[in-house]
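What you see is a predicted model, and the numbers here were worked out from it, not measured in a lab. Quick note on labels: first sequence line is chain A, next is B, and so on, each numbered from 1.
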Amino acid sequence: MDVLAELNPAQREAAEAIGGPVLILAGPGSGKTRVIAHRVAYLITVCRISPHRIMAVTFTNKAAREMEERLHRLIGGVVGDLTIGTFHAICARILRRDGKAIGIDPRFVIYDEEDQLSLLKRGIQEVGLDPKQYVPRAIASAITAAKSRTLTPQDYIQHTRSYFEEVAGRVYERYQQLLAESNALDFDDLLMKTVQLFRNSPETLSKYQSRYLHILVDEFQDTNLVQYELIKQLGGERHNICVVGDPDQSIYSWRFADLRNILSFEKDYPEAKLVLLEQNYRSTKLILETASHVISANQLRKPKELWTNNEQGELTNVVETYTEQEEAQFVVSEVERLVEQGKARLGDCAVMYRTNAQSRALEEAFIRYGTPYKLVAGTRFYERREVKDIIAYLRVIQNPHDSVSLLRIINVPGRGIGQRSLSELSGWAKSLGISQYEALQLITEPKEGEERQHPFTPRLVKALTSFVSLMEEFTTRSQELNLLDLFDLVIKRTGYKEYILSGKDDEERWDNILELRTVAREYRDLKPPEGLAAFLEGVTLVSDVDGLDETVDAATLVTLHQAKGLEFPMVFIVGMEEGILPHFKSFAEPEQMEEERRLCYVGITRAKQRVYLIHAFRRSLMGSSTANRPSRFLEDIPQHLIASGGLWQWEDSQVMPSIYSRDKAPAPRVASSELKAGDHVRHAQFGDGVVVSCQPAKDDKEVVVAFTSGVGVKKLLLSFAKLEKVE
DNA sequence: CGAAAGGCTCTTTTT
DNA sequence: GAGCCTTTCG
């Protein structure tokens with residue numbers, strides 16, 4: 001079987017250019033992921049390269065999974081132990097195996113952003129500064145910047161150019177010490193330490209260099225300098241590196257992704273073969289044209305010609321609504337209408353937005369209509385308090401030095417160990433130069449001749465003792481229990497269930513625990529210590545889109561960033577306003593403004609058939625309501641590509657302007673009514689009033705009426721209220 | 001010590 | 001509008 005049979009000439013060229021570096025510049029929808037998959041299949045089946053000697057780096061775990069499935073289909077069998085995953089996941093694996101060479105304990109835990117911030121706060125305090133004055137987030141960003149250039153604290157301090165950087169440098173230094181004491185690495189460390197490992201341990205590097213004959217990197221435009229360095233190291237003398245990317249879709253510069261990597265690649269590998277993929281298989285001609293107009297307004301880019309054989313398609317719909325609630329209503333009613341008319345399935349529709357906060361209004365509307373939707377990362381599952389609590393227990397079992405997790409759970413459920421005691425404990429541990437857990441052991445199980453003077457009351461010592469013995473029980477049992485049993489043991493012995501069920505939102509929270517348990521079940525068959533380790537790594541390195549299930553027929557709600565790499569027949573981009581998209585934080589820097597434009601471009605190019613660009617006249621931001629002008633990106637789209645500018649008004653008239661011209665008014669699931677804002681009504685009990693608003697509620701309508709009789713404003717359900725319309 | 005209440009400040013995007 | 005912090009009271 002010819003694994004390249006389905007490819008067009010350019011794709012084929014990219015897939016079979018084996019031996020030496022290859023740079024593939026690929027427009028949206030040009031099949032770049034496909035090219036990677038076919039290239040790997042070609043390497044394995046035609047070039048007879050063992051999968052063991054191939055590394056493919058993807059942007060998300062989901063992309064990795066899909067790549068594997070694709071390969072599976074292509075090769076028609078087991079793929080073998082191909083190395084495939086995100087940079088972070090691959091680096092974590094390398095460090096567990098070989099990090100010892102630079103002093104990394106293989107049981108290290110990975111700190112996510114929340115853990116990082118909490119440790120940073122401690123660091124800021126410990127160097128004698130006020131976390132209110134020096135926001136942990138800002139310092140975190142400075143540290144990420146440093147780590148993305150492989151700068152150690154010492155390197156960084158030498159380069160400081162401002163007082164802020166001076167401060168950041170001091171915190172960075174302390175922060176790294178705290179991480180080391182906790183035997184923890186943050187996300188950036190995974191990359192940086194791997195590069196350091198390869199720099200400092202030539203034997204380790206050459207081991208990996210000789211293993212990996214071929215390296216492939218997807219979404220190359222969103223790699224940063226450390227990642228670049230990493231593939232350069234692994235590529236060694238062989239230069240068998242194939243990178244695929246699209247500069248126009250670079251949207252992670254704030255994470256210090258650097259487009260210059262593409263230029264560096266051409267410079268570092270002058271023999272690199274360049275392949276352009278310009279044929280788009282995804283979108284209609286009109287969508288592609290619209291997208292091109294938007295992206296062409298960027299100054300700092302190389303023009304490229306995308307084309308498609310797809311049909312002409314439809315014009316882009318630009319819609320204005322009054323508020324974000326109306327915007328959401330428009331989206332949902334339009335989705336419903338598309339489904340009713342048989343033009344799309346729910347799963348064909350995606351709503352995209354710039355900021356996570358925008359999902360709220362959308363979600364509310366979807367719930368009101370009873371329309372199924374899937375939200376990619378609401379309050380992200382693994383960031384829920386109860387989920388993190390349990391994970392923290394498991395982490396401390398694996399690695400008792402993990403101070404962030406330890407402090408998180410030491411008094412959860414409550415054991416009478418309060419803030420005061422904890423800061424005293426920290427102080428005491430620090431004065432002795434030992435970790436918190438060691439301090440705990442010293443207090444609760446003093447060894448002969450090692451009794452220390454400590455400032456804690458007998459009552460507290462008792463509480464601490466019961467905590468420590470609980471944890472030691474867990475640690476001991478963790479050697480023999482599989483992960484699922486360990487999980488249940490933790491829940492049972494900590495009384496976590498009772499703790500949750502006595503609090504607020506108890507059912508939802510408990511459900512989350514059960515869901516986490518379902519995840520744990522998948523690790524049940526691994527041997528005791530490995531099961532725990534694999535689980536902890538899995539839950540830390542998940543990305544939001546990883547949970548996206550294509551088999552569920554429901555509308556998808558995603559941020560524009562998450563939308564990268566996805567495609568949908570119907571795309572709604574909401575919040576097309578100055579200050580939202582482009583986001584106001586990007587107004588100052590032209591480079592950032594260009595990135596916003598790329599983000600918009602990414603959104604539009606996700607669409608196969610139809611695009612809606614929606615903006616609201618006013619929306620509430622940070623509590624208060626502001627009026628925003630339509631996005632400048634809308635102005636980049638010539639009029640002849642737009643279906644016709646439309647104001648959308650809820651049931652204001654039977655025939656809607658613009659997009660409704662051909663069809664009748666939206667038909668939500670609820671019964672239609674003649675009531676609208678401004679109508680005068682009479683209620684049997686409350687008397688006369690004026691309708692303030694009329695919105696669909698589940699199977700009914702929610703009418704807000706301001707009564708003149710003195711009862712004030714009432715919210716009524718239409719079916720119950722028996723309102724009478726008066727002229 | 002811990003629950004409850006009030007006050008404060010930010011909000012981009014994420015592996 | 002929410003999450004975090006501080007204050008207050010039992």
>> Can you measure A:Q116 atom CD to B:dT15 atom P for me and round it to whole angstrom units?
In response: 14 Å
> Quick one: A:L621 CG to C:dA2 C1', roughly how many Å, whole number?
Replying inline: 14 Å
>> Expressed as a whole number of angstroms, how long is the span from A:F584:CZ to B:dC10:P?
In response: 12 Å
> Where the side chain of A:R395 meets the backbone of A:I110, is there a donor-acceptor pair that is under 3.5 Å apart?
Replying inline: yes
>> Strictly by salt bridge (charged side-chain N to carboxylate O under 4.0 Å, His left out), give each pair with a member in residues 619-631 of chain A just once, sequence neighbours left out.
In response: A:E327-A:R619, A:E577-A:R619
>> I want to verify a distance call: between B:dC1, B:dT15, C:dG1, whose nearest atom is closest to the A:R420 side chain?
In response: B:dC1
> Taking the same atom, C1', in B:dT13 and in C:dC4, what whole-Å distance lies between them?
Replying inline: 22 Å
> Quick one: do A:E364 and A:R360 make a salt bridge, cutoff under 4.0 Å?
Replying inline: no
> Should the pair A:E363-A:R368 be classified as a salt bridge under the 4.0 Å nitrogen-to-oxygen rule?
Replying inline: no
> Which sits closer to the 5' end of DNA chain B, A:V135 or A:L460, going by the nucleotide each is nearest to?
Replying inline: A:L460
>> Could you tell me how far apart A:F187 (CZ) and B:dT14 (C1') are, to the nearest whole angstrom?
In response: 8 Å
> Between B:dT15 atom P and A:E219 atom CD, what is the distance in whole Å?
Replying inline: 12 Å
>> Show, in sequence, the C-alpha distance, side-chain angles and deciding distance for A:K32 and A:D246, and conclude whether the salt bridge (Lys or Arg N to Asp or Glu O under 4.0 Å) test is met.
In response: CA-CA 10 Å; A:K32 61 186 163 73; A:D246 178 5; over 6 Å; no
> Taking OP1 and OP2 of C:dA2, is either one under 4.0 Å from a side-chain nitrogen or oxygen of A:R360?
Replying inline: yes
> In terms of side-chain heavy atoms of A:Q562, which of B:dT14, B:dT15, B:dC1 is nearest?
Replying inline: B:dT14
>> Whether A:R149 engages the ring of A:F256 as a cation-pi pair (distance to the six-membered ring centre under 6.0 angstrom, angle to the ring normal within 45°) should be assessed.
In response: no
> Contact class for A:T540 vs. all strands (heavy atom < 4.0 Å): base, sugar-phosphate, or nothing?
Replying inline: nothing
> Hey, does A:E113 reach any base, or is it just sugar-phosphate, or nothing, if we go heavy atoms under 4.0 Å?
Replying inline: base
>> By nearest heavy atom, map A:Q592 and A:N61 onto DNA chain B; which one lands nearer the 5' end?
In response: A:Q592
> Roughly how many Å is it from CG in A:D115 to P in B:dT14, rounded to a whole number?
Replying inline: 18 Å
>> Of the options B:dT13, C:dG1, B:dT15, whose atoms approach the side-chain atoms of A:H88 most closely?
In response: B:dT15
Every protein N/O within reach of nucleotides 4-10 of chain C N/O, cut-off under 3.5 Å:
from: C:dC5; atom 1: OP1; to: A:K121; atom 2: NZ; distance (Å): 2.4

> In whole angstrom, what separates A:L230's CG from B:dT15's C1'?
Replying inline: 14 Å
>> Applying the Watson-Crick and G-U wobble criteria at under 3.5 Å, what pairs with B:dT13? Answer none if nothing qualifies.
In response: none
>> With a cut-off of less than 4.0 Å, is there a side-chain N or O of A:Q419 near OP1 or OP2 of B:dC1?
In response: no
>> Quick test of your reading of the model: are A:E537 and A:R96 salt-bridged, counting only N-O distances below 4.0 Å?
In response: yes
> Do A:F584 and A:F587 have their ring centres less than 6.0 Å from each other?
Replying inline: no
> Stacking between A:Y252 and the base of B:dT14 (centre distance under 5.5 Å, interplanar angle under 30°)?
Replying inline: no
>> Strictly below 4.0 Å: does A:T559 bring a side-chain N or O up to OP1 or OP2 of B:dT14?
In response: yes
>> Expressed as a whole number of angstroms, how long is the span from A:D112:CG to B:dT15:P?
In response: 11 Å
>> For a quick check of understanding: with a heavy-atom distance under 4.0 Å over all strands, which category does A:N411 fall into, base, sugar-phosphate or nothing?
In response: sugar-phosphate
